[in-house]
Asker: 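My structure is below; once you've seen it, I'll send some questions.
Numbering of ligands and ligand atoms starts at 1, following listing order. As the structure is a prediction and not an experimental result, all values here were calculated from the model.
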Amino acid sequence: MGKIKKIGILTSGGDCAGLNAVIRAVVNCATRKGWTVYGIRFGTDGLTSRPLQYEILTPENFSDTPWPRLSGSYLGSLNSGVKLESVKNLSKNFGDGARELGLDALIVVGGDGSMNIVSNYCHLAGIKMVGIPKTIDNDTPITDSSVGFDTACQVCTEALDSLILTARSHNRAIILEVMGRDAGHLALHSAIAGMADVCLVPEIPYKIDSIIKKLKEVKKTGRNYALIVAAEGIKREDGRHVSSSQNKIGEKVYGGVGQYLSDEINRRCKEFQTRVTTLGHTQRSGNPTSTDRVLAARFGVRAIELLEAGHTNRMVVLKSNTIKDYDIDEVVKVGTKRLDLKSDYITAARATGMYIGEEIPTKKA
Ligand code: F6P
């Protein structure tokens with residue numbers, strides 16, 4: 001690859017805290033090398049639609065402005081669901097757009113779905129890219145963590161801390177429904193940090209009777225309140241999803257399982273009244289934590305270093321607190337990262353008394 005002069009950066013998929021800190025890191029680092037940075041607006045839409053939607057970014061956009069300290073995406077993002085078939089049709093526009101701007105490479109800040117879609121665009125259009133993982137779900141594979149996850153955990157933990165106050169005033173078990181799609185990372189981390197009594201995740205089957213047993217145990221200890229964390233992606237006890245909503249391309253839209261649990265527990269358990277709190281999109285818009293801001297800076301700078309060294313089609317990753325990089329096709333091949341049932345997070349939850357679903361018997365060798 002020739003010497004880099006111009007790069008583009010776009011954010012893709014659901015927004016989260018820390019995206020602007022990533023953009024700032026990329027812009028500051030790249031412009032110090034004499035490169036020009038084009039901020040592509042609204043994800044891939046900025047390159048596929050006409051007129052092109054972009055803005056040349058300079059350090060001034062992010063110095064003495066609140067932007068890098070805020071969540072959301074300064075550039076806007078695209079989260080409307082894109083089918084791989086439409087990528088084929090739009091890839092010419094995408095490539096022409098990137099060439100019209102004279103981009104030598106593209107930095108894509110996205111989750112596992114976006115890495116798949118945008119790397120396909122780039123392959124088809126012959127554009128070089130480096131990916132930076134972000135998602136509150138922490139389900140992007142290979143990397144230990146993604147930008148935005150820590151802040152979302154903080155939002156959920158603070159919610160649990162405040163919910164105990166009202167729960168104890170009214171002898172209630174409060175169910176906090178959190179996001180995370182088909183992975184239980186956000187639910188489990190928040191439940192451990194918020195010291196919940198029950199945590200239900202999509203990876204582990206549960207029984208309402210077992211939840212009630214746990215609630216009775218709590219009551220016996222003399223405590224008159226309890227906290228239950230439910231991941232939005234869990235199913236009803238009978239294995240069906242509560243919501244049948246779908247997005248434009250037929251992917252499930254989750255939400256509502258907290259109310260189902262509340263109704264079931266209320267009906268079958270006399271020890272506690274239940275109530276539900278659904279945090280929804282506030283989980284994506286908390287004040288970026290120091291952990292997310294630092295990760296954003298480390299990822300952003302490594303992405304620039306990779307481009308400078310001529311390494312593309314890579315995604316930066318965090319591995320044992322060291323920044324590394326990985327082939328994007330491999331990342332896409334692995335697919336969604338779900339909870340590792342053998343991890344010490346599960347052990348820590350169970351060993352501290354939390355009910356996190358039924359023990360899955362391990363196969364005898
Ligand atoms: O992937 C991030 C996420 O916030 C999921 O946790 C959630 O299911 C989904 O996005 C919600 O997306 P939307 O913004 O389309 O409602």
Asker: Cation-pi between Lys219 and Phe272: NZ/CZ under 6.0 Å from ring centre and within 45° of the ring axis?
Answerer: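 That pair qualifies as a cation-pi contact.
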Asker: Any sub-3.5 Å donor-acceptor pair from Arg41's side-chain atoms to Gly46's backbone N or O?
Answerer: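 Between the backbone of Gly46 and the side chain of Arg41 there is no qualifying donor-acceptor contact (under 3.5 Å).
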Asker: Does the side chain of Glu55 come under 3.5 Å of the side chain of Asn61 through a donor N or O and an acceptor N or O?
Answerer: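 There is such a pair (donor and acceptor under 3.5 Å, judged by atom type) between the side chains of Glu55 and Asn61.
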Asker: Salt bridge (Lys or Arg N to Asp or Glu O under 4.0 Å): which pairs involve residues 146-174, sequence neighbours left out?
Answerer: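 Listed by first then second residue: nothing to list.
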Asker: Mind checking what residues have non-hydrogen atoms under 4.0 angstrom from ligand 1?
Answerer: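 Those residues closer than 4.0 Å to ligand 1 by some heavy atom are Asn79, Ile136, Asp137, Met179, Gly180, Arg181, Glu232, His281, Arg284.
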Asker: Once the angle between the rings of Tyr54 and Tyr38 is folded into 0 to 90°, is it parallel (under 30°), tilted (30 to 60°) or perpendicular (over 60°)?
Answerer: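 If you compare the ring of Tyr54 with that of Tyr38, the planes turn out tilted.
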Asker: Within the distance-only criterion (no hydrogens, no angle test), does the side chain of Asn79 pair as donor or acceptor with the backbone N or O of Asp15 below 3.5 angstrom?
Answerer: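 No.
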